[in-house]
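First comes the structure, then the notes that go with it.
Sequential numbering from 1 along the given sequence is applied to the chain's residues. Bear in mind the structure is a predicted one, so any value in this text is a computation, not a measurement. Hydrogens, waters and symmetry mates play no part in the numbers below; they use all other heavy atoms, side chains included.
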Amino acid sequence: MALSEKWIENGLQMLSEEFGEKKVRQAIDAVKTFQVEIPGWALGTFGGGRFGGYIYPGAARNIEEKLDDAAFINKLTGSTKRFATHMLWDFSIDGMVADYKIAEKVAKEAKQRGIELGAVNPTYFLTGSHMGSFTSPDRKTRRRYIEQTILAGKIAKDLCNSVVTLWFPDGSMYPGQIDLKRAYENLKSCLFESYSEIPKDVLILIEYKVFEPGTYSTTIPDWGTSFALAKSLGENAGVLVDLGHHHHGTNIEQIVAMIIAEDMKGGFHFNTRYAADDDHSVEPNPEMARIFYELVKGNVVVNKDKKKNWAYMIDQCGGRENRIMALLHSVDSLQVSLAKGVLVQTEKLSAYQDEDEIIIANRLFNNPIINADVRPIVAKARIEKNVPVDPVEAYIKSGYQKKIEAERCN
Ligand code: PSV
Ligand code: MN
């Protein structure tokens, strides 16, 4: 990043000329305010993959080291004060049952490092879930997961930010393998049982995924299913959109717009995908900027009334990169995308839409979304926040990587 003060000021001047000083100021403020959660599972050895089993040097070996890394990421960004947890990875000894006492300890450790716990994820996909979790034909298995979900609600309320995010691996590989209707009914009834025992001020977001591990069917394959389930559960349920969970070419910004139009509660798992659910770091691509435009227009991001905001988390776990650097890169890309979304001249755009000026509308939209260089906005926000102007460069220069490589022998 070209980071001289002169470059930043010149850039801001050019952006103000094109989009107006007010918009530029709004974009700087939005970047300053935006917070996104760091997924605990990105920091550590999960997701190394079966090809070579690569683990990046210095990867965290336990929850304390994960929290150290998350706190350092927050020190460099000032935008990631929360750490999302997975019940059976972070609050369990045997990977089967989660323990409130462990969660309490983790919350305390987070606080000592100046960060907080964010969304709680019940873990439905480890040992004993090969025939499904909430859809399992085995009553005891379903019961175990219901109990875990209820405990997630309690932990979320007592120790975190009152958000529980649910992702189910349930599905099938072959036609005929499972009874599709019964699987859905089992899942729905377990959801109801859990929901009725979770404190009413805890938000429950239901994630969908079109494939994986199921290759023929997944029980919650699309946003419509999440929406229907959330709607039938009640006020405190919503839809969780994970960018990597769609068929190629799906218009995700339209899904976001529809969820907002329906006044449904929502959340987002950010990542980039190329072929499938690749779990790559977020890149500042036009799709991400268009998604942010909808979030900004819908007033569900950086809204002063915090209850209106969606829950924002990064969900990535690349197999080859340094994950700390990758998370910093994601935060940077999200801030760039947010700034672009804010710069769109919505009123002018709306007028062109009404006049059926198709190409002019498209050009006006693409100017901030694709053509503008908004890095001066992001840099200015960081200067005003008193954090490094380039977090990735700051990480490289910090010596932290050297330190963890020396301390942690993976
Ligand atoms: C599943 O692919 C997912 O997107 C869910 O959000 C999980 O909680 C997360 O990744 C980690 O497996
Ligand atoms: Mn996800």
- Message: I'd like to know if the side chain of Y208 and the backbone of V239 have a donor-acceptor N/O pair within less than 3.5 Å.
- Response: no

- Atom pair CE/CG of M288 and L338 - distance to nearest 0.5 Å: 11.5 Å

- Item | Gap separating the CG atom of L205 from the CG atom of L203, nearest 0.5 angstrom | 4.0 Å

- Mark yes or no for whether K23, through its side chain, and V342, through its backbone, hold a donor-acceptor pair below 3.5 Å. yes

- Message: Which residue is it: S79, P284, P391? I am looking for the one with a side-chain contact (heavy atoms from CB on, under 4.5 Å) to Q335.
- Response: S79

- Identify whether the distance between the nearest side-chain nitrogen and carboxylate oxygen of R25 and E21 falls below 4.0 Å. no

- Task: Decide whether a cation-pi geometry holds between K154 and Y100; the criteria are a distance under 6.0 Å from NZ or CZ to the six-membered ring centre and an angle within 45° of the ring axis.
- Result: yes

- Message: In terms of relative ring orientation, are F292 and F34 parallel, tilted or perpendicular, with 30° and 60° separating the classes?
- Response: perpendicular

- Query: Counting distance only, does the side-chain N/O of D90 pair as donor-acceptor with the main-chain N or O of T85 below 3.5 Å?
  - Reply: no

- Query: Going by atom types alone, do T135 and N186 pair a side-chain donor with an acceptor below 3.5 Å?
  - Reply: no

- Lys/Arg cation over aromatic Y56: R323, 6.0 Å, 45° cone: no

- Message: Can you confirm whether H248 is buried at NE2, in the sense that more than 12 heavy atoms of other residues, nucleotides or ligands lie under 6.0 Å from that atom?
- Response: yes

- Out of curiosity, I204 CD1 to T149 OG1, how far, rounded to the nearest 0.5 Å? 8.5 Å

- Between CZ on residue R142 and CD on residue E193, distance to nearest 0.5 Å: 9.0 Å

- In terms of ring plane angle, is the pair Y312 and W310 parallel, tilted or perpendicular, where the classes change at 30° and 60°? parallel

- Item | CD1-CG distance between I377 and L343, expressed to the nearest 0.5 angstrom | 4.5 Å

- Query: Without hydrogens or angle criteria, can the side chains of T123 and N121 be said to hold a donor-acceptor pair below 3.5 Å?
  - Reply: no

- Task: Ignoring hydrogens and angles, tell me if any N or O in the side chain of T272 forms a donor-acceptor pair with the backbone of E283 under 3.5 Å.
- Result: yes

- Message: Looking only at the side chains, is there a donor atom on one of N161 and E116 sitting less than 3.5 Å from an acceptor on the other?
- Response: no

- Item | Option passing salt bridge (charged side-chain N to carboxylate O under 4.0 Å, His left out) with K209 (candidates D277, D315, D242) | D277

- Task: Ignoring hydrogens and angles, tell me if any N or O in the side chain of E37 forms a donor-acceptor pair with the backbone of L117 under 3.5 Å.
- Result: no

- Query: Testing Y184, F192, Y124 for ring pair (Phe, Tyr, Trp, His ring centres under 6.0 Å) with F134, which one passes?
  - Reply: Y124

- Query: Is it true that atom CZ of R363 has more than 12 heavy atoms of other residues, nucleotides or ligands lying nearer than 6.0 Å?
  - Reply: no

- Message: Take a 6.0 Å sphere around CD of E5 and say whether it holds more than 12 heavy atoms from other residues, nucleotides or ligands.
- Response: no

- Query: Are the side chain of N303 and the backbone of K306 linked by a donor-acceptor contact shorter than 3.5 Å?
  - Reply: no

- Are the side chain of T33 and the backbone of D29 linked by a donor-acceptor contact shorter than 3.5 Å? yes

- Return yes when atom NZ of K265 has more than 12 non-hydrogen atoms of other residues, nucleotides or ligands closer than 6.0 Å, and no otherwise. yes

- Counting only N and O atoms by type, is there a donor-acceptor contact under 3.5 Å from the side chain of R273 to the main-chain atoms of G244? no

- Between D170 (side chain) and T219 (backbone), is there a donor-acceptor pair under 3.5 Å? no

- Task: Output the distance between atom CD (Q13) and atom CG (L15), rounded to the nearest 0.5 Å.
- Result: 10.0 Å

- Any sub-3.5 Å donor-acceptor pair from K385's side-chain atoms to K32's backbone N or O? yes

- Task: Assign the ring pair F72 / Y400 to parallel, tilted or perpendicular, where the plane angle (0 to 90°) is split at 30° and 60°.
- Result: parallel

- Item | Ionic contact status for R113 with D69, cut-off 4.0 Å | no

- Item | Flag for H269-E207: side-chain donor and acceptor within less than 3.5 Å | yes

- Query: Relative to the ring of H86, is the ring of W89 parallel (under 30°), tilted (30 to 60°) or perpendicular (over 60°)?
  - Reply: perpendicular

